[in-house]
Amino acid sequence: MIKAPFEMEKISDEEYILNMGPQHPSTHGVLRIVLKLDGEVVTGLYPDVGYIHSSVEKMCENKKFEMITPYTDRLDYLSAVNYNWAYVAAVEKLMGIQLPERAEYMRVMLAELNRIMSHLLWYSAFGMDVGALTPIFYAFREREEVIDMVEGMTGGRLTHHAFRIGGFKNDLQKDFLSRLEKFLAKFEDRICEYEALLINNVILTARTKGVGILDKDTAINYGVTGPVLRGSGCAIDLRKNAPYSVYSKFDFRVCTGKNGDTWDRLKVRMDEMRESAKILKQAAAMLPAGEFCAKVPRVIKPAPGEVYTKVESARGEFGVYMVSDGTEKPYRIKFRSPSFSNLSVLKEITIGSKIADVVAIMGSLDLVIPEIDR
Amino acid sequence: MNFQEILEKIKTKHEVLESKEDLGVLNAYIATAKIAAVAAFMKDELKFEQLNFITAVDFPANNAIEVVYHFFSYETADSVVLRIKLDRAKAEVPTISGVFKTADWHEREASEMFGIKFSGHPDLNRLLLPDGIESPLRKDYKNPDMTPLPKA
Amino acid sequence: MALLKELLYNSGKPLSEFSSWMHAIWAGWGMPGFLLDFIFQLVIVLAVTAVLVLNALWIIYYDRKISALMQIRKGPNRVGPFGLLQTLADTVKLLIKEDVNPKKIDILSFWIAPLIIFIPTFAVFLVLPFGNGLVPADLNIGILYIIAITGLSVIGILAAGWGSNNKYSLIGGMRSAAQIVSYEIPMVLVILAVVLMSGTMKMSGIVAAQSNRVWFVVPQFLGFIIFLIAGNAEVNRAPFDLPEAESELVAGFNTEYSAMKFAFFYLAEYTNLFLTSAVAATLFLGGWQGPFLPPIVWFFIKTYFVITILCWIRWTFPRIRVDQLMEFSWKYLLPLALLNLVVTAVILKF
Amino acid sequence: MVELILFYAFAALIIFSAVLLVTARNVFHGALYLASTLFGVAAIFALSGSFFLAGIQVLIYIGAVVVLLIFVINLTRQIAGSSAAQVNEAVVPALITSLLTITLIVLAVLKTDWATRIGKSVAQTEAMDNTAVIGTQLLTNFAIPFEVVSVLLLAALIGAIAIVSRDKEAGK
């Protein structure tokens, strides 16, 4: 347990230290935040992470390439598919595997469904953070449908292990497309319902507008990515800026905020779900027939070399840096996780606000602790 | 910008000890003391605004630890890797947390995982690990609590 | 049958007849009259308390069912028919649980806090007219008594927060005290306007004042809204649940409480909800008056109408922030309530 | 009879908690005992038929003054983590003051012509509502003292605000 720098020095009579976490309802996992408070106003903040560090990177060095994919599921259990993707893409790039067209489209569809799943859960959790207990039930109504679809395809509801090196284990279910169509038909309306229920609520806008303002330059300097960065007004989305897979073929908008406050980050996520639905619609229409898995050698032994692949996960840029020495096991793997950088900016945007704002700001950063701790 | 152009541009201002191309990405070895200056140059002049990550790779065979800095440019979508070769016994490198704030936590992580000292770092505390575990990501790390499986 | 009807519709008369009849009998036996009065009052108090506790259990169930309705789920439906016995089971569970006393608590404050909150909450019902003449004690200062006694629970909350020796509890207690004190002022001002209109502080008098004219909700509509908001804030329910904001302060002032003591808090919270709604019904909705049905039924219908509104608010809104809470009370509610009072006084005078 | 028993019970409560109040080492406990003392006083008011006074006593003294007191105690002591012991430096002046107060009360009790007073007040109360009496008195016979006290309170309020805001400026 690390002491915050301000714990060492003497604090003034009016200030006191409050430990938020490691067990706290709104740290969403085992995260400890040391707050220095003056009444209810935050005057100092120090995040202490690492409570559930499990040394995934070291474990990966002792596993064969095809055994590592499930580990990436567990880094961020909420958008597991995207994390699979960055990993298998790294191996595929090292080995020079070309995916069949159908597999690429299937990957896009699963990844976007996964993004919707993750954002819906974030929406529910954020509602709980600000004291609205009802939104979760409405969001989970749709989230269950999405999970059912992905479950039908992969067999998993949370950690799907959806992707294999070279493609997929099985093809899409027969009724997948019809279910998807039925889901997308009503999803647009449902997003409007969520916005009416929580995002546009008077109390919520009063609580989030102008709170936790993160400006563009600070965001980039801290390596913040994903919806948080876009909320600050940077139109940066790896699906557009460094298109991977077949994303360049889709027509979608990069949603951005204006002021970089908490509300903008909420709005960006809501809009992103709309865009995801748009991508899904296009992908379902464009889905070609054919193989769903490339020819992959039985023993996976990439050539020696280094690679860094990154995807736009629900939380931002997730990257896998992999060093291969030509054996069956990776020499070194580094996971670059978005929440890690997103959390590091918390101190910058929280000082001077209230305890309740800390919770709201943290909720708007959409942290997942296992990927910070790894 | 391709690999060669970026390399030329860096070479105009700073010395590049060694360079290689890995799957189309420039890997440039920089002198240890120069890293902060080069990072600032990358950020301000070449517009590589994003520092994706800092990590290290241990090569006990060469008695070297390589610190890896991965940069990305939002404008041109180019990536560049800067590398620093360090002696395993006394791994020390100046911090670049003054240039990129995100380096703060990444350096703390690399520091505890590889036993690298980032000199000038404002708060080189433990980040993820508890006390008592020293540089576990080095290749020669042995967990004292671990008993190897018997050979079948 | 006639007696039952008389009891339901015009409870005061048969009760006082019964009382004087008993007095005559006891006097015949040579018993002192004050003893009878004492026993009489004791019985009334016990009966009211029993009804209130059962009612609180039922409100908890009702609140949960309403929340289920709003959250597209079923709510309690396992224990008993339609889950009716769920809260009873919960209470039994709470009562037989281990009573955890953390190490560094301040024993006196920690133990006395649930009592300070629990007892006044029930004592307040002494002056509430449940029906025609069905008032345990119709004090002259009825409404003032209610305001004064409910104010006592702040001390309980502060004691709970301080005694728990937990920073979350302490912040919760402080928030609660600040909240209750600042929302009490607009509430009292609104009540004053009602008192001006009815010309008495007696609860039965306020009800009677609404019988020959319209209910006060019509002339005092602004007051009714302010009363509902301030009352909601006084009972610490969302969106004013800052003292026990789960996502910020874990559970606020009752973080360290468990078992029986927690059950006290829980019952008191829901009884408070009932109280606020009942006072709102009495002050603004004409109390027990209404056609066809017996007064006591009307009383409960109106009270539950207000409870439903408060539940609806609770399950729809997010929580507001502490500075906004204060701002809302002092910058909006208080001036509005003052305006309401002045306008009422001017209209009544001229 | 019941009234008498209740009177003695509440009187005992007042004395008991008053003694505890001045001897308590813990300031927070002291505040709780103060609340209990004031509550006892309110109960005695109620017993003597002054329900309005009793209500006001509870509302103002317990609901506002004691709460404010506890608020201040919470703010200054517990959060900072220090718990200073209560000191009895002013024991001699305190004794003198209390003796003087007791003498004053005893003299007042002895000098009052209770028989006529009680008769008068009972007649008055029966004629009018207790609350109404107080109201009429405040706005007729005691109008000037009432206004003076109001102005005094207002001045105190403004003074408090002024002191606090000056502190804030100095702090910044």
Side-chain angles (χ1 to χ4, degrees), chain A residues 1-5 46-55 57-58 61 93-94 96 216-225 229 234-236 238 240-243 303-310 317 319 321 323 325 331-337 340-345 348 372-374, chain B residues 20-25 27 43 47-59 61 66 68 70-81 83 97-106 108-110 112-114 122-123 125-131 133 135-139 141 143:
Chain A
M1 200 164 89
I2 295 163
K3 284 206 149 192
Y46 193 81
D48 180 11
V49 296
Y51 281 88
I52 45 172
H53 175 67
S54 48
S55 206
E57 290 171 15
K58 186 78 176 177
E61 289 177 14
K93 206 165 169 187
L94 271 179
K216 235 176 177 170
D217 296 334
T218 318
I220 292 177
N221 204 359
Y222 270 93
V224 169
T225 49
L229 179 64
C234 286
I236 289 162
L238 291 178
K240 267 271 198 280
N241 290 59
E306 291 186 10
V307 68
Y308 178 66
T309 53
K310 52 197 176 210
E317 174 188 328
Y321 172 70
V323 182
D325 60 351
Y331 187 75
R332 164 102 176 94
I333 281 191
K334 153 90 185 168
F335 295 116
R336 190 264 183 218
S337 52
F340 187 77
S341 301
N342 290 3
L343 174 63
S344 69
V345 84
E348 200 78 15
I372 298 174
D373 289 356
R374 280 160 290 145
Chain B
K20 63 177 180 184
E21 186 183 351
D22 212 335
L23 293 168
V25 176
N27 280 252
K43 182 185 168 193
K47 297 285 172 238
F48 282 88
E49 307 103 324
Q50 194 197 7
L51 172 67
N52 293 79
F53 63 87
I54 299 173
T55 189
V57 188
D58 186 22
F59 296 104
E66 291 187 4
V68 179
H70 197 286
F71 295 92
F72 180 72
S73 165
Y74 286 133
E75 273 174 33
T76 59
D78 283 319
S79 298
V80 168
V81 179
R83 305 176 81 97
S97 58
V99 185
F100 288 97
K101 285 276 177 56
T102 183
D104 187 334
W105 279 29
H106 279 103
R108 274 171 75 183
E109 191 194 340
E112 62 183 348
M113 294 292 179
F114 288 91
D123 171 34
N125 255 321
R126 293 275 173 143
L127 183 68
L128 298 176
L129 295 179
D131 289 339
I133 301 178
S135 38
L137 279 185
R138 286 199 184 198
K139 286 288 175 186
Y141 175 77
N143 186 348

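Each chain gets a letter, A, B and so on, in the order the sequences are listed, and its residues count up from 1.
- With a threshold of 4.5 angstrom between heavy atoms, A/Lys334 approaches chain B through side-chain atoms but not through N, CA, C or O.
- Proximity to chain B (any heavy atom under 4.5 Å) is restricted, for A/Leu229, to the side chain, taken from C-beta onward.
- The most heavy-atom pairs under 4.5 Å with chain B, out of A/Glu348, A/Lys310, A/Glu57, A/Lys93, come from A/Lys310.
- At a 4.5 Å heavy-atom cutoff, B/Ile133 makes no contact with chain A through either its backbone or its side chain.
- Residue B/Val99 touches chain A through its backbone alone, counting heavy-atom pairs closer than 4.5 Å.
- Contact annotation: the side chain of B/His106 approaches that of A/Phe340 to within less than 4.5 Å [non-hydrogen atoms, C-beta and beyond].
- The contact between B/Asn52 and chain A is made by backbone and side chain atoms together, counting heavy-atom distances below 4.5 Å.
- Looking only at distances, no side-chain donor or acceptor of B/Glu109 sits under 3.5 Å from a matching main-chain atom of B/Leu128.
- In this structure a side-chain-to-backbone donor-acceptor pair under 3.5 Å is present from B/Glu112 to B/Leu129.
- For chain B, no part of A/Thr218 is nearby; none of its heavy atoms comes within less than 4.5 Å.
- At a threshold of 4.0 Å, the pair A/Arg332-B/Glu66 does not count as salt-bridged, since none of the basic side-chain nitrogens sits closer than that to a carboxylate oxygen.
- Closest non-hydrogen pair, B/Arg138 versus B/Asp58, comes out as CA-OD2, 3.4 Å.
- At distances below 3.5 Å, not a single donor-acceptor pair connects side-chain atoms of A/Arg374 with backbone N or O atoms of A/Ser55.
- Of the listed residues (B/Met113, B/Gln50, B/Glu75), the greatest number of heavy-atom pairs within a distance under 4.5 Å of chain A belongs to B/Gln50.
- Between chain B and the options A/Glu317, A/Glu61, A/Glu306, heavy-atom pairs under 4.5 Å are most frequent for A/Glu306.
- If you tally non-hydrogen atom pairs under 4.5 Å between each of A/Val345, A/Leu94, A/Leu343, A/Asp217 and chain B, the highest count goes to A/Leu343.
- In this structure B/Phe53 satisfies the ring pair (Phe, Tyr, Trp, His ring centres under 6.0 Å) test together with A/Tyr308, A/Tyr321, B/His70, sequence neighbours excluded.
- Checked by atom type and distance alone, the side chain of B/Ser73 pairs as donor or acceptor with a backbone atom of B/Lys47 at under 3.5 Å.
- Both cation-pi conditions hold for B/Lys139 and A/Tyr331: the charged atom is under 6.0 angstrom from the six-membered ring centre and inside a 45 degree cone around its axis.
- Among the candidates A/Asp373, A/Ile220, A/Ile236, A/Asn241, the residue making the largest number of heavy-atom pairs closer than 4.5 Å to chain B is A/Ile236.
- Within the 4.5 angstrom heavy-atom criterion, no atom of B/Ala110 approaches chain A.
- In terms of non-hydrogen atom pairs under 4.5 Å with chain B, the most contact-rich of A/Gly223, A/Cys234, A/Gly319, A/Gly96 is A/Gly223.
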